[in-house]
K.L.:
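Handing you a structure now.
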Amino acid sequence: MKLRNTLAASTALLALAGVASAETMKIGITQNNVGVDSYQTTYEKAFIAAAEANADVEAVVLDAGGDVARQIAQMEDLIQQEVDAIIIWPTNGEAVIPAVRKAKQAGIPVIVTNSNIAEAGFDFVASFSGPDNITQGARSAEIMCDKFKEMGIENEAQVVHITGQPGYTTAIERAKGFEDRLPEVCPDVTVVDTQPGDWNREKSQQVMEAFLVKYDDIDGVYAGDDNMGVGALNAAKAAGREGIIFVGATNFAVGYEAMAAGDYWGSIYQSPVDDAEAALKTAIDVLEGKDVPFLNYFDTPKITQDNMADFTKPVF
């Protein structure tokens with residue numbers, strides 16, 4: 001299918017349309033913030049490619065730019081367009097619930113991608129497609145604990161925690177998974193401080209700089225993704241603080257490279273291409289009446305310096 005691209009400045013609309021037929025499924029997606037990191041940029045490219053490859057799909061691709069109000073307006077616009085299904089990557093898991101409910105009331109199935117909405121909105125959602133973020137956080141805790149045990153510091157280690165964007169479900173769930181699991185596997189390890197890095201490398205570097213001033217002893221850093229984790233690593237390098245174990249989630253190329261250099265210990269392997277393709281497939285399956293689980297997870301394994309040769313370098 002040959003797609004035509006149209007950009008409307010008022011809504012940052014990228015319309016992907018082929019020659020429509022009676023069987024064509026019109027699927028709209030409103031994303032969180034494409035420009036904020038390479039994961040979301042790669043996701044969008046993969047989604048467009050997957051839509052372009054499917055002759056039965058007419059896709060409308062929107063980006064909220066991290067603005068909740070803008071995303072709600074985009075949801076309303078997609079409802080007015082009478083799309084067949086809506087995929088939403090929520091900017092805020094609570095705030096978007098009324099818009100998701102409105103789509104449900106209009107008879108449009110909603111698929112949530114990558115980061116789920118709050119539980120109060122589950123009744124209005126056909127399916128969630130993405131990673132199990134609580135499990136990711138738990139696995140990161142296990143990676144860190146195993147390394148502390150190898151080092152013999154599991155009874156005294158101190159950890160700082162850099163979370164993602166406040167109110168964002170992925171950030172909340174990864175933090176919960178880590179904070180719940182760490183005391184189970186390493187009960188004597190202490191999380192001394194937690195601050196948001198907003199998925200931003202520069203802000204996370206600033207957060208880590210403040211941690212380094214505040215705490216003389218930091219044995220480990222857990223960051224909600226590798227983009228933030230590498231920001232924290234850069235701060236430690238600049239301050240000459242060595243021996244800190246860095247663990248992230250969502251293994252970015254910069255995280256993979258830092259692991260290869262021996263500076264960054266481990267992360268969770270997650271593909272934005274798999275993420276995007278799974279979201280589109282879930283929407284299609286829902287429209288075709290197939291049995292789709294409500295929580296449609298794809299696997300995200302542990303990756304450390306010890307096993308990274310088993311994984312290809314991320315493209316984002």
K.L.:
Considering only heavy atoms from C-beta outward, does the side chain of Glu156 approach that of Asp188 to under 4.5 Å?
P.N.:
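No. Closest side-chain heavy atoms not under 4.5 Å.
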K.L.:
Check whether any side-chain N or O of Thr42 sits under 3.5 Å from a backbone N or O of Pro272 as a donor-acceptor pair, and report yes or no.
P.N.:
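Side chain of Thr42 to backbone of Pro272, a donor-acceptor pair under 3.5 Å: no, none is there.
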K.L.:
Flag the pair Lys237 and Glu242 as a salt bridge only when some basic side-chain nitrogen lies within less than 4.0 angstrom of an acidic carboxylate oxygen.
P.N.:
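Salt bridge absent between Lys237 and Glu242.
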K.L.:
For Val273, is there any backbone N or O sitting under 3.5 Å from a side-chain donor or acceptor partner on Ser271?
P.N.:
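Checked: pair present.
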K.L.:
Contact between Thr113 and Asp275 at the side-chain level, heavy atoms closer than 4.5 Å - yes or no?
P.N.:
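A side-chain contact under 4.5 Å exists here.
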K.L.:
Please round to the nearest 0.5 Å and tell me the distance separating atom OG of Ser115 and atom CZ of Phe128.
P.N.:
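Here the interatomic distance stands at 6.5 Å.
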K.L.:
If we count only N and O atoms by modelled type, under 3.5 Å, do the side chains of Thr282 and Asn296 hold a donor and an acceptor together?
P.N.:
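Their side chains do contain a donor-acceptor pair, which is all the 3.5 Å distance test asks for.
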K.L.:
Do Leu280 and Ile27 have side chains that approach each other closer than 4.5 Å (heavy atoms only, starting at C-beta)?
P.N.:
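Yes, at least one pair of side-chain atoms sits under 4.5 Å.
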K.L.:
Roughly how far, to the nearest 0.5 Å, is the CD1 atom of Ile153 from the SG atom of Cys186?
P.N.:
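It is 9.0 Å, given to the nearest 0.5 Å.
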K.L.:
Can you get from Ile172 to Phe178 by hopping between Ile, Leu, Val, Met, Phe, Trp and Tyr side chains that sit under 4.5 Å apart?
P.N.:
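No.
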K.L.:
Using 4.0 Å as the upper bound for N to carboxylate O, is an ion pair formed by Glu142 and Arg139?
P.N.:
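Salt bridge: no.
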K.L.:
Check step by step if side-chain contact (heavy atoms from CB on, under 4.5 Å) holds for Val125 and Ile111.
P.N.:
CA-CA 6 Å; Val125 173; Ile111 290 81; over 6 Å; no
K.L.:
Quick one, Phe148 with Val159, criterion side-chain contact (heavy atoms from CB on, under 4.5 Å). Give me CA distance, side-chain angles, the key distance, then yes/no.
P.N.:
CA-CA 11 Å; Phe148 285 161; Val159 174; 3.7 Å; yes
K.L.:
Report the distance from atom CE of Met308 to atom CH2 of Trp265, rounding to the nearest 0.5 Å.
P.N.:
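Here the rounded value is 10.5 Å.
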K.L.:
Same cluster or not: are Leu62 and Val112 linked, directly or through other Ile, Leu, Val, Met, Phe, Trp or Tyr residues, by side-chain heavy atoms under 4.5 angstrom apart?
P.N.:
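Result: yes, single cluster for both.
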K.L.:
If the threshold is 4.0 Å, N to carboxylate O, is there a salt bridge linking Lys176 and Glu173?
P.N.:
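So Lys176 does not pair with Glu173 through a salt bridge.
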K.L.:
Side chains of Ile108 and Ile79: closer than 4.5 Å at any heavy-atom pair?
P.N.:
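In short, these two side chains touch, coming nearer than 4.5 Å.
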K.L.:
Taking CD in Glu82 as the centre, count heavy atoms belonging to other residues, nucleotides or ligands within less than 6.0 Å. Is the count above 12?
P.N.:
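Check fails, neighbour count at 12 or below.
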K.L.:
Are side-chain heavy atoms of Phe122 and Glu119 found at a separation under 4.5 Å?
P.N.:
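Heavy-atom side-chain distance check passes, below 4.5 Å.
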K.L.:
Which donor-acceptor pairs under 3.5 Å do the side chains of residues 160-168 make with protein atoms, sequence neighbours left out?
P.N.:
unit_1 : atom_1 : unit_2 : atom_2 : d
His161 : ND1    : Glu179 : OE2    : 3.1
Tyr168 : OH     : Trp89  : NE1    : 2.3

K.L.:
Return the minimal non-hydrogen interatomic distance between Gly107 and Pro109, and the atom names on each side.
P.N.:
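That would be O-CD, 3.6 Å.
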K.L.:
Should we say atom CD of Glu288 is surrounded by more than 12 heavy atoms from elsewhere, each under 6.0 Å from it?
P.N.:
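More than 12 heavy atoms, drawn from other residues, nucleotides or ligands, come within 6.0 Å of this atom.
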K.L.:
Return yes if a side-chain donor-acceptor contact under 3.5 Å exists between Gln71 and Thr30, otherwise no.
P.N.:
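A donor-acceptor contact under 3.5 Å links the two side chains.
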K.L.:
Is there a ring pair (Phe, Tyr, Trp, His ring centres under 6.0 Å) between Phe252 and Phe316 once you walk through the steps?
P.N.:
CA-CA 6 Å; Phe252 284 56; Phe316 59 96; 5.0 Å; yes
K.L.:
Check whether the side chains of Gln31 and Glu44 place a donor and an acceptor atom closer than 3.5 Å, and report yes or no.
P.N.:
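Their side chains do contain a donor-acceptor pair, which is all the 3.5 Å distance test asks for.
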K.L.:
Distance check, rounded to the nearest 0.5 Å: Asn200 atom CG versus Asn33 atom CG?
P.N.:
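So the gap between those two atoms works out to 10.5 Å.
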K.L.:
Given 3.5 Å as the limit, does a donor-acceptor pair link the side chain of Arg174 with the main chain of Gln136, or not?
P.N.:
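Not a single qualifying donor-acceptor pair exists.
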K.L.:
Among all residues two or more places apart in sequence or in another chain, which pass the side chain to side chain donor-acceptor pair (under 3.5 Å) test with Lys102?
P.N.:
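Scan of Lys102 (side chain to side chain donor-acceptor pair (under 3.5 Å), adjacent residues dropped) gives Glu76.
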K.L.:
Is it the case that the side chains of Asp226 and Tyr256 hold a donor-acceptor pair, with the cut-off being a distance below 3.5 Å and no angle test?
P.N.:
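Per modelled atom types, Tyr256 and Asp226 side chains form no pair under 3.5 Å.
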K.L.:
Check Met208 against Ala232 and note the closest heavy-atom contact, atom names and distance.
P.N.:
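What the structure gives for the nearest pair is CG-O, 3.4 Å.
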K.L.:
What distance separates Ile86 CD1 from Gln81 CD, expressed to the nearest 0.5 Å?
P.N.:
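That separation rounds to 9.0 Å.
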K.L.:
Do Thr250 side-chain atoms and Gln270 backbone N/O form a donor-acceptor pair below 3.5 Å?
P.N.:
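No, Thr250 side chain to Gln270 backbone: no donor-acceptor pair under 3.5 Å.
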K.L.:
So Tyr43 and Ile29, do their side chains get closer than 4.5 Å, heavy atoms only?
P.N.:
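Yes. Closest side-chain heavy atoms under 4.5 Å.
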K.L.:
Near Lys104 NZ, under 6.0 Å, is it more than 12 heavy atoms from other residues, nucleotides or ligands?
P.N.:
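Count not over threshold, so no.
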K.L.:
With a 4.5 Å cut-off on side-chain heavy atoms, are Ile72 and Val68 touching?
P.N.:
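Side-chain contact under 4.5 Å: yes.
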K.L.:
May I ask whether Ile218 and Val247 are part of the same hydrophobic cluster, defined by side-chain heavy atoms of I, L, V, M, F, W, Y residues being less than 4.5 angstrom apart, directly or through others?
P.N.:
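No, Ile218 does not connect to Val247 through the hydrophobic network.
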K.L.:
Can you name the one residue among Asn307, Asp299, Thr312 that meets side-chain hydrogen bond (donor to acceptor under 3.5 Å, both in side chains) with Tyr269?
P.N.:
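Going through Asn307, Asp299, Thr312 one by one, the side-chain hydrogen bond (donor to acceptor under 3.5 Å, both in side chains) with Tyr269 is satisfied by Thr312 alone.
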K.L.:
Are more than 12 heavy atoms from other residues, nucleotides or ligands located less than 6.0 Å from atom NZ of Lys302?
P.N.:
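More than 12 heavy atoms, drawn from other residues, nucleotides or ligands, come within 6.0 Å of this atom.
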K.L.:
Identify the two heavy atoms, one from Ala258 and one from Leu233, that lie closest to each other, and give their separation to 0.1 Å.
P.N.:
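Taking every non-hydrogen atom into account, CB-CD2, 3.9 Å.
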K.L.:
Would you say the side chains of Gln305 and Tyr264 form a donor-acceptor pair under 3.5 Å?
P.N.:
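Distance-only check fails for Gln305 and Tyr264.
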K.L.:
For Leu212 and Ala235, which heavy atoms make the closest approach, and how far apart are they?
P.N.:
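Taking every non-hydrogen atom into account, CD1-O, 3.7 Å.
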K.L.:
Taking Asp84 first and then Lys26, would you say they form a salt bridge - that is, a charged N and a carboxylate O separated by under 4.0 Å?
P.N.:
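Salt bridge: no.
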K.L.:
Test side-chain contact (heavy atoms from CB on, under 4.5 Å) on Val96 and Ile117; report intermediate values, then the result.
P.N.:
CA-CA 8 Å; Val96 300; Ile117 64 172; 3.7 Å; yes
K.L.:
Going hydrophobic residue to hydrophobic residue with side-chain gaps under 4.5 angstrom, can you get from Met259 over to Tyr39?
P.N.:
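Yes, it is one cluster - the side chains of Met259 and Tyr39 are joined through contacts under 4.5 Å.
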K.L.:
Measure across Thr169 and Gly93 and return the closest heavy-atom pair with its distance rounded to 0.1 Å.
P.N.:
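Heavy-atom minimum between the residues: OG1-CA, 3.5 Å.
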K.L.:
When you check the side-chain N and O atoms of Asn227 and Asp37, is any donor under 3.5 Å from an acceptor?
P.N.:
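Absent: no donor and acceptor within the cut-off.
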K.L.:
Any chance the side chains of Tyr215 and Asp193 put a donor and an acceptor closer than 3.5 Å?
P.N.:
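Short answer, yes.
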K.L.:
Using the rule that two of Ile, Leu, Val, Met, Phe, Trp, Tyr join whenever any of their side-chain heavy atoms come within less than 4.5 Å, decide whether Phe246 and Ile143 are in one cluster.
P.N.:
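In one cluster with Phe246: Ile143, no.
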K.L.:
Take Val189 and Leu182 through the test side-chain contact (heavy atoms from CB on, under 4.5 Å) and record every step on the way to the result.
P.N.:
CA-CA 8 Å; Val189 170; Leu182 188 63; 3.9 Å; yes
K.L.:
Within the structure provided, determine whether Thr300 and Thr135 are in side-chain contact (heavy-atom separation under 4.5 Å).
P.N.:
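The answer is no, as the side chains (C-beta and beyond) never meet within the 4.5 Å cut-off.
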K.L.:
Nearest 0.5 Å, what's the CG-CG distance between Asp63 and Asn32?
P.N.:
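Between atom CG of Asp63 and atom CG of Asn32 there are 8.0 Å.
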K.L.:
For residues Met151 and Gly243, report the shortest heavy-atom separation together with the two atoms involved.
P.N.:
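Between these two residues, the closest heavy atoms are CE-O, 4.3 Å.
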